[in-house]
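In what follows, a structure is listed as structure tokens, so that the remarks can point back to it.
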There are 2 protein chains.
Amino acid sequence: MTQSGRKSADIVAADPEHMALVARALSHPARIRILQLLAEQDECRGAEVFSELPLAQSTISEHLRVLKEAGLVSAHPIGTAMTYCLVPERIAAFTDALDFVADAPACDSYPVRDA
Amino acid sequence: MTQSGRKSADIVAADPEHMALVARALSHPARIRILQLLAEQDECRGAEVFSELPLAQSTISEHLRVLKEAGLVSAHPIGTAMTYCLVPERIAAFTDALDFVADAPACDSYPVRDA
DNA sequence: GCGTTTAATCGTTCATCGACGATAAACGAT
DNA sequence: ATCGTTTATCGTCGATGAACGATTAAACGC
């Protein structure tokens, strides 16, 4: 299931469409922040997320929806509240797919330039 | 400059703004495709990129601009043409920053659910 | 010099995103 | 049964993104 061997390049879904979808889910500071939050807590935390970000509740809910849709976060109800947690396998699958690219040799002898 | 040690989590820019910027650059199938192309060629290739994607030249040029701006690709002129190549360090820095998240324990005992 | 080739830029159009407030739905407690 | 709490959804609006064709700029060959 795309995680038997790391660095296998072909195994991990290197499908551009899929990778782009995951990347798009990651492409907003608020969503990165949410992931970091969940990672720090290690215990899955409820909607203290709402209190941590300077955004309207509805906005954060939308961000969570995007993350869930990308499979990066899972959620389950606890009473009237919600518990969110990371799905590290998904993120790992994504980074694996990217490593396939990262491991390629850089164009010979051209140093990194900013912008 | 953010590439002394891998997996250091704090060193690599875990700055949400920056990570989101890189992710946004990756958030389009055409751009992923371009990166894969460059990775496969290992020799930096010119604008055969233009012939590989079913998009207008101007569109692809724009995608390349985005990738360059994110530091994922570098370019230098060769005669009247251009040579593009990956900047693997950047991608590695990004995946490192993500691994910090991916290495977090999953929320105890909740299986991966799709969507 | 002159045309050719290659890439970047410009201007436009249409679609998608991000943010918000307001509202609705689900649940626990009283 | 009703109220307060918590989260998801809806409708709107402004901003950004993606795509294209046309144009411009640079580097080469002749």
Side-chain angles (χ1 to χ4, degrees), chain A residues 16-35 37-38 41 43-85 107 110 113 115, chain B residues 16-35 37-38 41 43-85 107 110 113 115:
Chain A
E17 298 272 349
H18 179 257
M19 291 183 64
L21 276 178
V22 176
R24 182 171 298 148
L26 296 171
S27 74
H28 194 287
R31 293 196 283 265
I32 296 285
R33 208 85 85 69
I34 291 174
L35 292 183
L37 250 165
L38 296 180
Q41 313 271 346
E43 240 281 285
C44 315
R45 304 286 275 154
E48 116 186 39
V49 183
F50 291 108
S51 62
E52 283 290 340
L53 304 190
L55 293 170
Q57 177 266 329
S58 57
T59 305
I60 299 177
S61 182
E62 169 71 6
H63 283 309
L64 283 166
R65 193 190 62 75
V66 172
L67 289 172
K68 273 187 286 177
E69 209 165 87
L72 300 176
V73 160
S74 73
H76 30 84
I78 287 227
T80 175
M82 271 292 184
T83 305
Y84 303 99
C85 51
C107 170
Y110 293 108
R113 258 215 327 145
Chain B
E17 299 271 348
H18 180 256
M19 292 182 64
L21 276 178
V22 176
R24 181 171 297 150
L26 296 171
S27 73
H28 194 288
R31 293 197 282 266
I32 296 285
R33 208 85 86 70
I34 292 174
L35 292 184
L37 251 166
L38 296 181
Q41 314 271 345
E43 240 280 287
C44 315
R45 305 283 276 152
E48 118 185 36
V49 182
F50 291 107
S51 63
E52 283 289 342
L53 304 190
L55 294 170
Q57 178 265 328
S58 57
T59 304
I60 298 176
S61 183
E62 169 71 5
H63 284 308
L64 283 166
R65 194 190 61 76
V66 172
L67 289 171
K68 273 186 286 179
E69 210 166 87
L72 299 176
V73 160
S74 75
H76 30 85
I78 286 228
T80 175
M82 269 294 183
T83 306
Y84 304 99
C85 52
C107 169
Y110 293 108
R113 260 215 326 147

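Reminder, nothing fancy here: chain letters follow the sequence lines and each chain counts from 1.
Between D/dA8, C/dA7, C/dA22, one nucleotide has an atom nearer to the side chain of B/Phe50 than all others, and that is C/dA7. The side chain of B/Arg24 has D/dG17 as its nearest neighbour among D/dA19, C/dG21, D/dG17. For B/Thr80, counting side-chain heavy atoms from C-beta on, the closest listed nucleotide (C/dA7, C/dC10, D/dA27) is D/dA27. Minimum atom distance to the side chain of A/Ala81 is reached by D/dT7, of the listed C/dC20, C/dA7, D/dT7. Candidate nucleotides C/dA22, D/dT7, C/dA7 were compared by shortest atom distance to the side chain of A/Ser58, and C/dA22 ranks first. Listed nucleotides: D/dA8, C/dA8, C/dC20. Nearest to the side chain of A/Lys68: D/dA8.
Smallest separation of non-hydrogen atoms from B/Cys44 and B/Cys85: SG-CB, 2.9 Å. Contact record, B/Leu64 with B/Tyr84: CD1-CZ, 3.6 Å, taken as the closest heavy-atom pair. Residue A/Ile60 comes nearest to A/Leu53 through the heavy atom pair CD1-CB, 3.8 Å, listed as atom of the first residue, atom of the second, then distance. Looking at every heavy atom in both residues, A/Leu67 comes nearest to A/Ala25 through CD2-O, 3.9 Å.
The CD1-C1' distance, from A/Ile60 to D/dT7, rounds to 12 Å in whole Å. Per the geometry, CD belonging to B/Glu48 stands 19 Å off P belonging to C/dT5, to the nearest Å. The distance between atom CD1 of A/Ile78 and atom P of C/dA26, rounded to the nearest whole Å, is 19 Å. In this entry the distance linking CD1 of A/Ile32 with C1' of C/dG18 reads 16 Å, nearest Å. Following rounding to the nearest Å, A/Arg65 (CZ) and D/dC10 (C1') show an atom-to-atom distance of 12 Å. Rounding to whole angstrom units, CG of residue A/Leu55 and P of D/dA8 are separated by 15 Å. At whole-Å resolution of the value, CD in B/Glu62 and P in C/dT12 are 16 Å apart. Between the NE2 atom of B/His76 and the C1' atom of D/dA26 there is a distance of 18 Å, rounded to whole Å.
Base contact: A/Gln57 has a heavy atom under 4.0 Å from a base atom. Among the heavy atoms of the strands, none lies under 4.0 Å from A/Leu64.
Although no hydrogens or angles enter the test, the distance criterion places a donor-acceptor pair under 3.5 Å between the side chain of B/Ser27 and the main chain of B/Arg24. A donor-acceptor pair under 3.5 Å is absent between the side-chain atoms of B/Arg31 and the main chain of B/His63, judged by distance alone.
For C/dG18, one of the phosphate oxygens OP1 or OP2 lies less than 4.0 angstrom from a side-chain nitrogen or oxygen of A/Arg31. At C/dA8, one or more side-chain N or O atoms of B/Ser61 fall inside 4.0 Å of OP1 or OP2 (strictly under the cut-off). The side chain of B/Thr59 places an N or O atom within less than 4.0 Å of a non-bridging phosphate oxygen (OP1 or OP2) of D/dC20. At least one side-chain nitrogen or oxygen of A/His28 sits closer than 4.0 Å to the OP1 or OP2 atom of C/dA19. Phosphate contact (OP1/OP2 of C/dA8, side-chain N/O of B/Tyr84, threshold under 4.0 Å): present.
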